[in-house]
Amino acid sequence: MKDTKLILLLSAAALLAGCTTVREARRAQREDAERTVRWAETPFAAREGDLAMEELAAWARTNAPAVVQARQDVVQAQIALRSVKAAFIPVVDGSIAYTYASKNIDPHDTKWDGDGAWGGNVSLNWLLYDFGRTRASTRRAVAALAAADQAERAAENGAVYGVRAACFALRRAEELHRVAVETSESYRLHRDQTKDRFDVGAAMNYEVSKAEVDYQNALLSEISASNAVETARASLALALGLAESPRIALGDCSFPEMTNDVGALMAVAATNAPALAALRAAADAAKDYVDWTICDLYPNLSFRLSFDAKGDSSPLLWNYAAVPAVAQTLFSAGAKNRQIETAVAQLRAARSKLAEAEQQLFNQVLTATLSADRARKSLAVAEAALAASKENFDVVSSRYDVGKASALERTDAQVALSSAEAAVVTARYDLQDTQILLARLIGE
């Protein structure tokens, strides 16, 4: 009985070893943390006042669904690395059973007479040497983990960029809406003034009709601008990972200007851009896989030790066996050579992908810097045009009030002023968009 109890205790210990992992797995099943977050659950819902763009970006960096998924890819890569490192650790298996067998001879015998016996087995399997397979697999797993880390960084950068772009889009839409409101209000005042002038015989019926049409068109533009604000607000909510459109009041949305030196930007991107780093790690992993396929040409050296016990009384009958082994594929019709050739092809493809990504990144950085330079110049021109349009509108309005300018001239001056204001807003946020794009490209 002592032998039986020992076997039972060893089996129970083996089963309890995984309890912590199982509890964590059950907790993950019960919880639902990876779901769509409501705005009321965020730390911003109870806040009063405006929210800074970088606050929202920092929250998305941690909670965006793409970031959560990339983080779990890192966890899986870490587990894969631990699994590879465990290749040389002995594996112990065990079993216990109770067998009851009848000994009846006559099939018509209704008596159930038999014997019961306990049985158990414990075996140890130990890989002693594999001619470098595990070392190559470990290096490959390390490179895969590095690639997963960089993919997580890329997801974080993408989430931050998405929030920044959405914030600028919302600010742009809000300012264009403000211009549209001011324009419609100006047209409304002009319409009212024209009606008053018509009442005293200082304006024609045509002028009143035209002022009314201009005002109604301005109202349509205002409605479109208002709808653009709501659309931008929904885009910001999506960038934050929300399935609703809360009324987020944006505060500080400033972003520092980046340098326009393409060489300096590429120097930073060479070591900091996560997309390049991930592809570089993938190329390293492909190189290590070539090593593994070459090592797979050689045999495995292993050792097996087993202990068996059985019987129906104490002490149990027991036996053990020690088996050193060498395992090698003797013939595979060239499969292993083809495996090496495939690994080399994958290595060349991985290196080519890295080179292609470097070329594309240079092109994207160059294009972004050119767009930034154009936006800066456009902003300067738009601000100068706005100043001239304001002056022209004031002059034309004064001349119209005394009957020296026509209604058409006054309308043209108003349209020019509104277009100039919208052009300034567009140029300002075009410049901001290029700056956050450059920051994303170089990994900042």
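Computation of the quantities below employed the complete heavy-atom set of this structure, encompassing side-chain atoms and omitting hydrogens, waters and symmetry-equivalent molecules. Remember, predicted model here, so these are calculated numbers, not experimental data.
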Minimum heavy-atom distance A70-E152, with the two atoms named: CB-CA, 3.7 Å
From CG (L176) to OG (S224), nearest 0.5 Å: 11.5 Å
Donor-acceptor contact present, side-chain S419 to main-chain A416, <3.5 Å: no
Lys/Arg N to Asp/Glu carboxylate O, R178 vs E421, below 4.0 Å: no
D291 with R135: basic N within carboxylate O range, under 4.0 Å: no
Heavy-atom donor-acceptor pair, T183 side chain to V179 backbone, under 3.5 Å: yes
Non-hydrogen side-chain atoms of Y289 and L347 separated by less than 4.5 Å: no
Carboxylate-amine/guanidinium contact R188 E185, below 4.0 Å: yes
Any donor-acceptor pair under 3.5 Å from E55 side chain to A52 backbone: yes
Residue pair S371 / D430, side-chain heavy-atom distance below 4.5 Å: no
L56 side chain reached by L250 side chain, heavy atoms, under 4.5 Å: yes
Salt-bridge criterion met for E54 and R61 (N-O under 4.0 Å): no
Straight-line distance of D288 CG to R140 CZ, nearest 0.5 Å: 8.5 Å
Main-chain N/O of T369 paired with N260 side-chain donor or acceptor, under 3.5 Å: yes
S221 OG to H177 NE2 distance, which is reported to the nearest 0.5 Å: 11.0 Å
Residue among Q432, Q435, R376 satisfying side-chain hydrogen bond (donor to acceptor under 3.5 Å, both in side chains) with E257: R376
4.5 Å side-chain heavy-atom contact, R172 and D433: yes
Inter-residue atom distance L361.CG - L366.CG, 0.5 Å rounding: 11.0 Å
Salt-bridge present (D373, K377; N to O < 4.0 Å): yes
Distance in Å, D214 CG paired with S184 OG, rounded so as to fall on 0.5 Å steps: 12.0 Å
Sub-4.5 Å side-chain heavy-atom contact between M53 and R171: no
Side-chain donor-acceptor contact under 3.5 Å, E175 with Y429: yes
Donor-acceptor side-chain pairing of Q414 and S418 below 3.5 angstrom: yes
Pair Q339, T293: side-chain N/O donor-acceptor within cut-off below 3.5 Å: no
Within 6.0 Å of CD in Q360, more than 12 heavy atoms from elsewhere: yes
Aromatic plane relationship, W59 with F44 - under 30° parallel, 30 to 60° tilted, over 60° perpendicular: perpendicular
Interatomic distance, L276 atom CG to I442 atom CD1 [nearest 0.5 angstrom]: 12.0 Å
